[in-house]
Amino acid sequence: MSADSLIRSSAVDAVARGRRRRANRRRTIVVVLLALIAAAFAVSLVVGRTVYPLDQVLAVVLGQDVPGASFTVGRLRLPRATLAIVAGAAFGMSGAAFQTMLRNPLASPDIIGITWGSGAAASFAIVTLGLGGASVSTIAVVAGLAVALVIYLLSRTGGLVGLRLVLIGIGVAAMLRAATLYVLSKAPQWEEQEAMRWLAGSLNGASWSSAAPAILALVVLGPLLLVLARDLDVLRLGDDTASGLGVRVERTRLLVLVVAVGLLAFATAATGPIAFVAFLAGPIAARMVGTDRPLIVPAALIGALLVVVADFVGQYLLGTRFPVGVVTGVLGAPYLLFLIIRSNRSGGSL
């Protein structure tokens, strides 16, 4: 074998070893995240104002009747913890999809106004129309999709550009926030409190009926986003390169937009706009597993872990009870400031 052949063979082996090492690291991190989610889920079922033994909690989860625990765990804690994981996963997947598609960490649905579209519509439905439950959820989902479509159409002139979409989205978010505040200013006290609780991002009052649409959306739309993840990842290379590699760029973007916003809207309809989960999950996933493969699954797991842990912290560890959105907002705001400062120092490049 010639020297050139040996060099090429060594290079190929080195690349293969690097890929195997990264794949093994990714699998290990995914397993660890799953274990942490399971542990946080178990703690959220066991611990509260009343602490139940793990065997009683397991019996309730398996459908057995346990006096006291059946109501507290089965009717209150179990749907709440389940919705936390489902909503967190949906937010994480949606945020990672937007950030990857637009190659910009600021291109998160809660930064560019999509969640504010759902929030403004839900506030209007609660305060002005006097609606509740499934009706509010339906209006929030439709409004989220409509706002996403408007932002997409406004930003695609001359080709979709991530920074332009972010700026247009921030402007739309400001308008929707102003509209929401105006609606709340006209609301009776009780309806204003209900709308504010929803806008803060809260799992209070979670039930199986409120969680069911979000669970169904994750089961149906989650796999669709995973199918699109390969083409989505190629979009990071740029439109021309992606098109040259056989990706139908506009079709892929539109499909990703519809699926990701659907996930986000159903989760938002169930919990309200939990701040910064969609924004944080993707960058955290990228730092943990790298960016050589799609981030949808790691971002979903990190989003789920963030929400279930933040909800537990907000309920029991801060002296008074805070909605989960307040806790995630405290975590996410410093990271947003860090990104803006880094952008200024690098001349506008994020």
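- Taken to the nearest 0.5 Å, the CD atom of Gln315 stands 8.5 Å off from the CZ atom of Arg77.
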Note to self: side chain to side chain contact (heavy atoms under 4.5 Å, CB included), that's the test. Do Asn204 and Arg80 meet it? Break it down for me.
What the structure shows: CA-CA 8 Å; Asn204 293 337; Arg80 184 181 185 122; 3.0 Å; yes
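- Under the 4.5 Å side-chain heavy-atom criterion for ILVMFWY residues, a single connected hydrophobic cluster contains both Phe322 and Leu331.
- Counting heavy atoms of neighbouring residues, nucleotides and ligands inside a 6.0 Å radius, atom CZ of Arg293 does not exceed 12 of them.
- Counting only distance, with no hydrogens or angles, the side chain of Thr271 and the backbone of Ala267 share a donor-acceptor pair below 3.5 Å.
- A single hydrophobic cluster is seen to contain both Val30 and Leu36, as judged by linkage of ILVMFWY side chains at heavy-atom distances under 4.5 Å, directly or through other members.
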Checklist line | Test log, rule side chain to side chain contact (heavy atoms under 4.5 Å, CB included), inputs Leu203 and Val307 | finding: CA-CA 10 Å; Leu203 295 168; Val307 175; 4.3 Å; yes
Next item on the list: Check step by step if side chain to side chain contact (heavy atoms under 4.5 Å, CB included) holds for Ile302 and Met288.
Entry: CA-CA 10 Å; Ile302 289 167; Met288 293 180 68; 3.8 Å; yes
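- Minimum interatomic distance between Ala300 and Met93 (heavy atoms only, all atoms of both residues): CB-CG, 3.3 Å.
- With sequence neighbours excluded, the residues that form a ring pair (Phe, Tyr, Trp, His ring centres under 6.0 Å) with Phe276 are Phe279.
- For the residue pair Ser44 and Ala81, the shortest heavy atom distance occurs at OG-CB, 3.4 Å.
- One hydrophobic cluster holds both Leu154 and Val256 under the rule that ILVMFWY side chains link at heavy-atom gaps under 4.5 Å.
- Here the straight-line distance linking atom CD1 of Ile85 with atom CG of Leu306 works out to 12.5 Å at 0.5 Å rounding.
- For Tyr316, the ring pair (Phe, Tyr, Trp, His ring centres under 6.0 Å) partners two or more places apart in sequence, or in a different chain, are Phe312.
- Two residues are said to be in side-chain contact when any heavy atoms from C-beta on lie closer than 4.5 Å; Leu58 and Tyr52 fail this criterion.
- Leu76 and Val60 fall into different hydrophobic clusters, defined by Ile, Leu, Val, Met, Phe, Trp and Tyr side-chain heavy atoms under 4.5 Å apart, directly or through other members.
- Closest approach of Val147 and Gly117 over heavy atoms only: CG2-CA, 3.6 Å.
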Checklist line | Trace of the side chain to side chain contact (heavy atoms under 4.5 Å, CB included) decision for Val66 with Val73 | finding: CA-CA 10 Å; Val66 180; Val73 176; over 6 Å; no
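- Of all non-hydrogen atoms in Ala270 and Ala214, the two that sit nearest each other are CB-CB, 4.2 Å.
- In terms of modelled atom types and a separation under 3.5 Å, the side chain of Thr328 and the main chain of Ala275 share a donor-acceptor contact.
- Considering CG of Leu232 and OG1 of Thr252, their distance stands at 8.5 Å, rounded to 0.5 Å.
- Counting only residues at least two apart or in different chains, ring-ring contact (aromatic ring centres under 6.0 Å, His included) contacts with residues 72-118 are absent.
- Side-chain contact between Val277 and Val324 is absent, with no heavy-atom pair separated by less than 4.5 Å.
- No donor-acceptor pair closer than 3.5 Å links the side chain of Thr82 to the backbone N or O of Pro79.
- Results of the side-chain contact (heavy atoms from CB on, under 4.5 Å) test with Val86 over Leu218, Val219, Leu216 single out Leu218 as the only residue that passes.
- Within a 6.0 Å radius of CZ in Arg230, other residues, nucleotides and ligands contribute 12 heavy atoms or fewer.
- With values rounded to the nearest 0.5 angstrom, Leu228 atom CG is found 9.0 Å from Ile296 atom CD1.
- In plain terms, the two heavy atoms of Ala121 and Ile139 that are nearest each other are CB-CG2, 3.7 Å.
- In the hydrophobic clustering of this structure, Val308 groups with Leu317; members are Ile, Leu, Val, Met, Phe, Trp, Tyr whose side-chain heavy atoms approach within less than 4.5 Å, directly or through other members.
- Closest of all the heavy-atom pairs between Leu295 and Gly290 is CD2-O, 3.2 Å.
- Listed for the Thr100 side chain is a donor-acceptor partner under 3.5 Å among the backbone atoms of Ala96.
- To the nearest 0.5 angstrom, Ile112 atom CD1 is 11.0 Å from Leu167 atom CG.
- A distance of 6.5 Å separates CG of Leu254 from CG of Leu257, quoted to the nearest 0.5 Å.
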